[in-house]
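Any value given below was found using the heavy atoms of this structure, including those in side chains, with hydrogens, waters and symmetry copies removed. First the proteins, then the strands, lettered A, B, ... as listed; each starts at 1. Here the structure is a predicted model, which is why all the values come from computation and not from measurement.
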Amino acid sequence: MASFQTLPGFREFYPDALARRNHLFRLWRQTAHTFGFAEYDAPVLEPLELYKTKSGDEIEGQLFSFTDKGGREVALRPEMTPTVCRLVGERANALKRPIKWFSIAEFYRYERMQKGRGRCFFQFNADIFGEPGIEAETELIALLAQNLCAFGLTEQDFYIRLSDRNLWFFFLEALGFDDARSRSLLTAVDRFEKLGDDAFKPDAEQYGALEPSKQAQILAFLGIRSLSALEAQVSSLGGDKLRARLDDWRRLLRNLEAMGLSRLVEVDLGVVRGLAYYTGFVFEAFDRKGELRALAGGGRYDNLVGKLGYAELPAVGFAIGDMTFALLLEQRGLMPNLVQAPDVYVVIGGPAERLAAFGDIQALRAAGYRVDYPMKELAFGKQFKAAAESGAKLALIYGTDELAKGVVKVRDLGERSEREVPAAQLLAEVRAFFTGGA
RNA sequence: GCGGUCAUAGCUCAGUUGGUUAGAGCACCAGAUUGUGGAUCUGGGGGUCGCGGGUUCGAGUCCCGUUGGCCGCCCCA
């Protein structure tokens, strides 16, 4: 046996696996269209600098990057956000607002394999550009929810945690921290769920120990799980920025409630989402059981288009990864059986009958029916077996008798009934079966 | 990058204290079966036991290395 292996972390899609993948893509694409998002695509290979500009030089260690034959430093795309920012930035003045775009694409990261994470994966990405208000967040959170619900997932299977980096900064400012210290504390907040109090150690080492009362306030803020608790804690601090931001929260949650999404969305200020190019609301979808890594994540990133050298343009976006999502669907028994069955299987008596059948086979295929037939001469018994195994609804029988009479025998494989149809009426008969039937 | 664990047919696995030519089920192919159904029976193909080295009269089995999978840590845009 040849000894070529698939590269580590890469995936092959045999027909059954590709059928499952396509099932995800089909519903995601369909859902995005119902929300009025337009699909785009872009290069798999980009200048390395694009990602360094967005995420910093350290990012290179996690990229598939190399120097091409023209001496260019390039990388396989690890995410879509910088690319879509470039696409929009280039034509920002010519695009109708709001700009609502989505894509389904493959990404590459040079990382260690883990459950729900490989070196290549697909993501559904959706972004709205040009809308600074919470209307954009409303639309995207609704799209995220529907993109999961479309598969039969409910509030028992997943939920969306909603947080806000602005609110955190305003809050920490009100507690008397400057911007740098606030960032450090946010890192601690981000890790608190995993590390507990140890999460604050790096901050304390750099800036000195945190006053216990302030840490208590931060932890209380982190623990907020409802709008009313949020209002209570913010009102005690006062401050115009906080009050205005709280109003954004009220309006966003009211929108989501009106859309019937309250059960799916939870206030959770523990979500800050790692590398901080986010500038406002952030949200992540998780499975309810908490067994899997994040299903989806996103948020507002108003500075990124400008940072890449274009005119400032507000933006919100999120992505859903295919691996964790497929795991969840399979766990919940929501991955349908996706066998590709023909509509019609043709049973052929011999070489002369085969030639007669070919004309009809082509005509039926041209009319849009899935038609299959045995490639070799086979006994009738075997052909009917093959017809049954294929999953076809209908068998067409071309035998010596039928040919002599100028008819085709049409057998309903479900009901095990059959009748003879004049050859000229075959297409009409098949059409009647599939439109009138079921 | 670090740690744990595993690797025998396309898949799931068995393989005795190291002992002839490495097995089963499923799947695949063919026949029984040249005019009617997913069954059954019979037969067949498919393995340098992940790869390399070592110990031994003898290694799928023991030892070392390596590659890869899985799980976790770091990271997670």
Side-chain angles (χ1 to χ4, degrees), chain A residues 1-12 14-16 46 50-63 75 77-85 107-119 121 123 125 187 190-191 194-195 271-278 282 284 291-299 301 304 307 317-319 321 323-324 327 339 341 345 347-351 353 374 376-404 409-418 420:
Chain A
M1 201 185 292
S3 54
F4 293 109
Q5 293 182 314
T6 312
L7 257 15
F10 282 79
R11 298 185 287 170
E12 284 154 337
Y14 281 74
D16 57 335
E46 291 276 16
L50 181 62
Y51 304 111
K52 285 188 174 176
T53 299
K54 185 208 158 198
S55 305
D57 290 352
E58 323 78 59
I59 196 69
E60 188 170 356
Q62 288 161 68
L63 299 178
R77 62 185 175 197
E79 58 168 328
M80 193 58 107
T81 307
T83 300
V84 71
C85 285
F107 301 93
Y108 307 86
R109 295 178 187 179
Y110 200 88
E111 292 188 290
R112 194 88 177 117
M113 291 273 296
Q114 246 174 87
K115 189 177 185 184
R117 189 170 82 179
R119 286 181 170 184
F121 53 92
Q123 277 186 349
N125 272 263
T187 303
D190 191 29
R191 300 197 173 166
K194 208 173 257 182
L195 301 181
V271 178
V272 186
R273 279 185 73 73
L275 248 103
Y277 68 98
Y278 288 113
V282 292
E284 292 196 313
E291 292 170 350
L292 305 170
R293 52 180 66 242
L295 292 161
Y301 51 100
L304 190 52
K307 194 174 177 184
F318 73 87
M323 293 181 78
T324 301
L327 282 172
V339 286
Y345 194 92
V347 173
I348 296 166
E353 291 83 356
K376 287 181 288 193
E377 302 299 334
L378 286 176
F380 271 84
K382 280 220 192 275
Q383 294 191 60
F384 280 105
K385 195 168 168 178
E389 281 175 352
S390 77
K393 303 274 188 301
L394 223 51
L396 303 183
I397 299 149
Y398 291 79
T400 317
D401 301 344
E402 289 81 3
L403 213 55
K409 194 173 278 181
V410 178
R411 181 175 177 84
D412 183 329
L413 288 165
E415 298 193 351
R416 297 178 176 240
S417 62
E418 59 190 29
E420 293 182 343

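Here the separation of C73(B) from A14(B), taken at their P atoms, is 29 Å to the nearest Å. Taking the C1' atom of each, A59(B) and C2(B) are spaced 33 Å apart, rounded to whole Å. Using C1' as the reference atom, U48(B) and G35(B) are 49 Å apart when rounded to the nearest Å. Using C1' as the reference atom, U17(B) and U56(B) are 15 Å apart when rounded to the nearest Å. G43(B) and U61(B) are spaced 32 Å apart, taking the P atom of each and rounding to whole Å. Going from the P atom of C63(B) to that of G18(B) covers 11 Å, rounded to whole Å. Between the P atoms of C74(B) and G3(B), the separation comes to 15 Å (whole Å). Annotation: G15(B) and A9(B) have their P atoms spaced 15 Å apart (nearest Å).
Mapping Ala392(A) and Thr6(A) onto RNA chain B by nearest heavy atom places Ala392(A) closer to the 5' end of the strand. Closest-nucleotide positions on RNA chain B for Gly9(A) and Glu415(A) were compared, and the one nearer the 5' end corresponds to Glu415(A).
G37(B) atom P lies 15 Å from atom CG of Asp412(A), rounded to whole Å. Rounded to an integer number of Å, the gap from Glu111(A) CD to C2(B) C1' is 15 Å. Going from atom NZ of Lys115(A) over to atom C1' of G4(B) covers 17 Å, rounded to whole Å. Between the C1' atom of G1(B) and the CZ atom of Arg109(A) lies a distance of 18 Å, rounded to the nearest Å. Atom pair Arg293(A):CZ and A77(B):P shows a separation of 10 Å (rounding to whole Å applied). Whole-Å rounding puts the Leu413(A) CG to G38(B) P distance at 12 Å. Taking atom NZ of Lys194(A) as the reference point, atom P of G72(B) lies 11 Å away to the nearest angstrom. Atoms CZ (Arg119(A)) and P (A77(B)) sit 18 Å apart, rounded to a whole Å.
A salt bridge does not link Glu46(A) to Arg77(A): none of the charged side-chain nitrogens sits closer than 4.0 Å to a carboxylate oxygen. Note on Glu60(A) versus Lys52(A): salt bridge recorded, some NZ/NE/NH1/NH2 to OD/OE distance being below 4.0 Å.
At distances below 3.5 Å, not a single donor-acceptor pair connects side-chain atoms of Gln123(A) with backbone N or O atoms of Met80(A). Between the Arg109(A) side chain and the Leu63(A) main chain, no donor and acceptor come within less than 3.5 Å of each other. Using modelled atom types, no side-chain atom of Glu415(A) and backbone atom of Asp412(A) make a donor-acceptor pair closer than 3.5 Å. Listed for the Glu420(A) side chain is no donor-acceptor partner under 3.5 Å among the backbone atoms of Lys409(A).
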Each base of RNA chain B marked ( ) or [ ] if paired in-strand (Watson-Crick or G-U under 3.5 Å), | if paired to another strand and . if unpaired gives (((((((..((((.....[...)))).(((((.......))))).....(((((..]....))))))))))))....

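Counting heavy-atom neighbours within 6.0 Å of Tyr110(A) OH, excluding the residue itself, gives a total of 12 or less.
The distance from atom CD of Gln114(A) to atom CE of Met323(A), rounded to the nearest 0.5 Å, is 10.5 Å.
Contact annotation for Glu377(A): no contact, since no heavy-atom pair falls under 4.0 Å across all strands. At the heavy-atom level, Arg191(A) lies under 4.0 Å from the strands shown only through sugar-phosphate atoms. Residue contacts shown for Pro8(A) are limited to sugar-phosphate atoms, with no base heavy atom under 4.0 Å away.
Of all heavy-atom pairs between Ala341(A) and Gly391(A), the closest is CB-O, 3.7 Å. For the residue pair Ser390(A) and Tyr345(A), the shortest heavy atom distance occurs at OG-CD1, 3.9 Å.
In this structure, of C75(B), C70(B), C76(B), it is C70(B) that holds the atom nearest to the side chain of Arg112(A). Among A77(B), C75(B), A39(B), the nucleotide with an atom closest to any side-chain atom of Glu389(A) is A39(B).
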Any protein N or O atoms within reach of nucleotides 33-36 of chain B? Criterion: under 3.5 Å, listing atom names and distances.
{"residue": "G35(B)", "atom": "O6", "partner": "Thr400(A)", "partner atom": "N", "Å": "2.9"}
{"residue": "G35(B)", "atom": "O6", "partner": "Asp401(A)", "partner atom": "N", "Å": "3.2"}
{"residue": "G35(B)", "atom": "O6", "partner": "Glu402(A)", "partner atom": "OE1", "Å": "3.3"}
{"residue": "G35(B)", "atom": "N1", "partner": "Glu402(A)", "partner atom": "OE1", "Å": "2.9"}
{"residue": "G35(B)", "atom": "N1", "partner": "Glu402(A)", "partner atom": "OE2", "Å": "3.0"}
{"residue": "G35(B)", "atom": "N2", "partner": "Glu402(A)", "partner atom": "OE2", "Å": "2.5"}
{"residue": "G35(B)", "atom": "N2", "partner": "Lys409(A)", "partner atom": "NZ", "Å": "3.4"}
{"residue": "U36(B)", "atom": "O2", "partner": "Arg411(A)", "partner atom": "NE", "Å": "3.2"}
{"residue": "U36(B)", "atom": "O2", "partner": "Arg411(A)", "partner atom": "NH1", "Å": "3.2"}
{"residue": "U36(B)", "atom": "N3", "partner": "Glu418(A)", "partner atom": "OE1", "Å": "3.1"}
{"residue": "U36(B)", "atom": "N3", "partner": "Glu418(A)", "partner atom": "OE2", "Å": "3.3"}
{"residue": "U36(B)", "atom": "O4", "partner": "Lys409(A)", "partner atom": "NZ", "Å": "3.3"}
{"residue": "U36(B)", "atom": "O4", "partner": "Glu418(A)", "partner atom": "OE2", "Å": "2.9"}

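Dashed line: the shortest gap from a side-chain N or O of Lys376(A) to OP1 or OP2 of A30(B) is under 4.0 Å.
Residue Arg117(A) places a side-chain atom within donor-acceptor reach of the base of C76(B), judged by atom type and a 3.5 Å distance cut-off alone.
A heavy-atom distance below 4.5 Å is found between the side chains of Cys85(A) and Tyr301(A).
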